[in-house]
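Let me begin by presenting the structure, written as structure tokens, before commenting on it.
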Amino acid sequence: METVDDVVVETRDLRMRYGDKDVLSGVDFEIRAGEVVCLLGPNGAGKTTTIEILEGFRIRSAGEAVVLGEDPAAASEDWRARTGVVLQSWRDHPRWTPRQLLAQLGEYYRPYSTPERARPHDTDDLLETVGLSRLADQKINTLSGGQRRRLDVAIGIVGRPEVLFLDEPTAGFDPQARREFHDLIRRLSAVDGTTILLTTHDLDEAERLASRMLVLAGGRIVADDTADGLARRVAGETEVRWRRGEEVFAERVADGTAFARDLFAVHGDEIRDLEVRPSRLEDTYIALVQQHEAGHADAAARLFAGASGQPATELDQEPSR
Amino acid sequence: MSATNPVMHAVGIGVRRGLGEFGKSVRSTQDQGFYIFTALAAVGYLYLRRDSEVEGTGLLLPSVTLPSILGLLIAFGAVIGPAYALAMEKEDGTLLRHKAVPHGLKGYFAGQLTFQSLSLVPQMVVILVPSFLLFDDLMDHPSGWLTVTWVIVLGVLATMPFGMAIGALVPSSQKVGTWGMLPVMLLAGTSGIFYPLQRLWDWAEVVVQCFPVYWLGLGMRSAFLPDSAADAEIGGSWRTWETVAVLGGWAVVGALVTPVLLRRMARRQTGSQIEAARDASLQWVK
């Protein structure tokens, strides 16, 4: 087992070009052992490409990638035994049952079992964990999208991977399945020390799960921070709404609390229905994506670059809303 | 258990997978339907022409044509079966699933080989059993079964690589029809199974004899028919050694080339392709 500070996943100046289109133009990040990291970004930003390069399923155009000390593009079968993969789209083995498929794919990991890390997971336990016990002997083509996805997750972790890659794992989950999945990911990270990289469109999910977030836009990592740190970057954008008489007001200010104090000092009792809404992760994200989509990728990258906890007042660019 | 060699372990899983797939296949009504359809077509044809005599041999048509039909069905099954399976499983993610586990692809291909070979058994049985009940003088001498066995084994080894190659190379399963079916039909139509090869132009006769389908049919006829029937063949002989040489040659070429093609195909597999293939198939259905 690695110590906590070990870097498990590392990319340096990772580039991917399809035809004459650059999808990744220099991606750099590191993930340490035991971290849960979310990769966010608008559609087409290259999230899947990045994760497929790290899985060894896609050959990069340039740059470096290292996962568990090996280059994924030339990784050994022993390396496969230590990684787990949940892809975006799967519709295979329609005539099989979840139990058969999980047991068979798990079997490949048995020669890689060690005293510290017994491989594979017990099939029944794993089916129970992902909530598929009741459906274990039904044909896979009778499962719903969300149930099938849970089977994908089970297959991804059946070999007790040290690193797990998940591409939009919760697409098609109902709220309860989503919550159970979050519990599972937290347990994997806490109990097995699994390092996890996942992509998602769901910011609440990212906020709940990830110890760190990477935002991919314009072919680069434009933000690498905790959820809190990320949200605070547009702290200048606290929204204050209030009513005075019949008129409704709304303003974006740097310090919501100070603004409200002043408001009361000037207008006193006339102020009604006061709302002070501090910026959330979503605000940061939307601002970023809008910058990107308006063709200001570089501006967006500049805006969100830099160390975490950067004071709000230093942000001179206002996201257009 | 942890001392086992991972490669042999994976091949073992693959063989069990092939057995499992075979079990699922014979229980599926779709596959049963296919077997029954081919059996009805083949046996029905033989039954309708049960009294025709094949000129120059003094034998009835069922005796001469049954071995040819069996040879053709083996070639057809060994090519189209793996071609479709691979093309489909490339698209639906089966292959990628195996790529994600240690030595999974070795297991996957061991499974395909097992399953596709076993699938030929019910195909043979559904035709042989009714044929032997309905027609006389099918097998000239019991020792012919020995010949049947080696011809089938060698024939499968010679033809299945074509199927694997087609499956590996076609861009999508919807293209197997054009890329796979057409050449097989062409070879089958000119293989001397439906009418004597000597009726073709000379150059076509040479081309056809370069491919395994003709030899598979010839080998099967040599197993079932009396030696006197060899007079109707090219050169008036069963040409057993030539049969072994051509089928064996293709088997060797297949064993050398197929792993290279499969590795190339597997290396190019990505999850995004599966997504793209799904979108394409939705488009197609619309």
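On a predicted model such as this, the values are computed, not experimentally measured, just so you know. Numbered from 1 within each chain, the chains take letters A, B, ... in sequence-line order.
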Should we say atom [atom1] of [X] is surrounded by more than 12 heavy atoms from elsewhere, each under 6.0 Å from it?
X      : atom1 : result
A:Q138 : CD    : yes
B:K24  : NZ    : yes
B:F37  : CZ    : no

Residue [X] versus chain B: region with a heavy atom under 4.5 Å:
X      : result
A:Q100 : side chain
A:D167 : neither
A:I155 : side chain

Can you name the closest pair of heavy atoms from [X] and [Y] and give their distance?
X      : Y      : answer
A:L105 : B:V101 : O-CG1, 4.2 Å
B:D92  : A:H93  : OD2-N, 4.5 Å
A:E107 : B:R16  : CG-NH2, 4.2 Å
B:Y108 : A:Y108 : N-OH, 3.9 Å

request  = Output the option from B:E89, B:M88, B:K99 having the highest count of non-hydrogen pairs under 4.5 Å with chain A.
outcome  = B:K99
request  = State, with a plain yes or no, whether a side-chain heavy atom of B:R17 is found less than 4.5 Å away from one of A:W96.
outcome  = yes
Check ion pair B:D31-A:R95 (N to O, under 4.0 angstrom) = yes
query = Is the shortest side-chain N to carboxylate O distance from B:R97 to A:D92 below 4.0 Å?
reply = yes
query = Hey, which of A:E55, A:E77, A:R80 has the most heavy atom pairs under 4.5 Å with chain B?
reply = A:E77
query = Just checking, any donor-acceptor pair under 3.5 angstrom between side chains of B:H103 and A:Y109?
reply = no
